[in-house]
Amino acid sequence: MPTTTTIPFIEMRKFYHQEIHCPFCGKDPERDMRDGGEFAPCEHTLLMSHSEFWIYLSDRAEKSLSANGISAERNDGDVMFTKPDDEDLDYDDVFAAIEADEAVGFHRIVGPPAMESTWIAFAPVSE
Ligand SMILES: [Zn+2]
């Protein structure tokens, strides 16, 4: 039976506009995106999602989801998650099924009127 480690997400309500750099290598995966380019994950980036769509899911996060019964299907720049017998699968379920030792995540919350959230998480890699 797989154990589940929930990524600790730091909620950023006041400093949600803060640029997030990887705590393990210092890269800012969103830098190019802010100039209209692509999201550029470093090797530590586990995931990046927005309230409305998924921006990035790493292969190791996908493997972990799969081991916990959730399949991820990449589709046109988004990712759809499914789990048999669970039609109400939400982001919390997905995050809870991603196991990565000593991961850290940031949940940026933009208040009214935008009411948007983004999640980005990193974890060290072995070797
Ligand atoms: Zn990194």
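Remember, it's 1-based here, ligands and their atoms both numbered in the order they're listed.
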In this structure, are over 12 heavy atoms from other groups packed under 6.0 Å from M80 atom CE?
no
Around the Zn ion (ligand 1), list the protein N/O/S atoms within a radius below 2.8 Å, excluding water molecules.
C22 SG, C25 SG, C42 SG, H44 ND1
Heavy atoms of other groups near E11 CD, more than 12 under 6.0 Å:
yes
Scan residues 71-83 for pairs that pass side-chain hydrogen bond (donor to acceptor under 3.5 Å, both in side chains), counting only residues two or more places apart or in two chains.
E62-R74, S71-T82
Under 3.5 Å, side-chain donor or acceptor atoms of residues 46-54 against the rest of the protein: list the pairs with distances, not counting sequence neighbours.
| from | atom 1 | to | atom 2 | distance (Å) |
| --- | --- | --- | --- | --- |
| H50 | ND1 | E52 | N | 3.1 |
| S51 | OG | S117 | N | 2.8 |
| S51 | OG | S117 | O | 3.1 |
| W54 | NE1 | Y56 | O | 3.0 |

Note: with side-chain heavy atoms under 4.5 Å as the link, the other cluster members for I109 come out as none
Could you check whether the rings of F95 and W119 sit parallel, tilted or perpendicular, using 30° and 60° as the cut-offs?
tilted
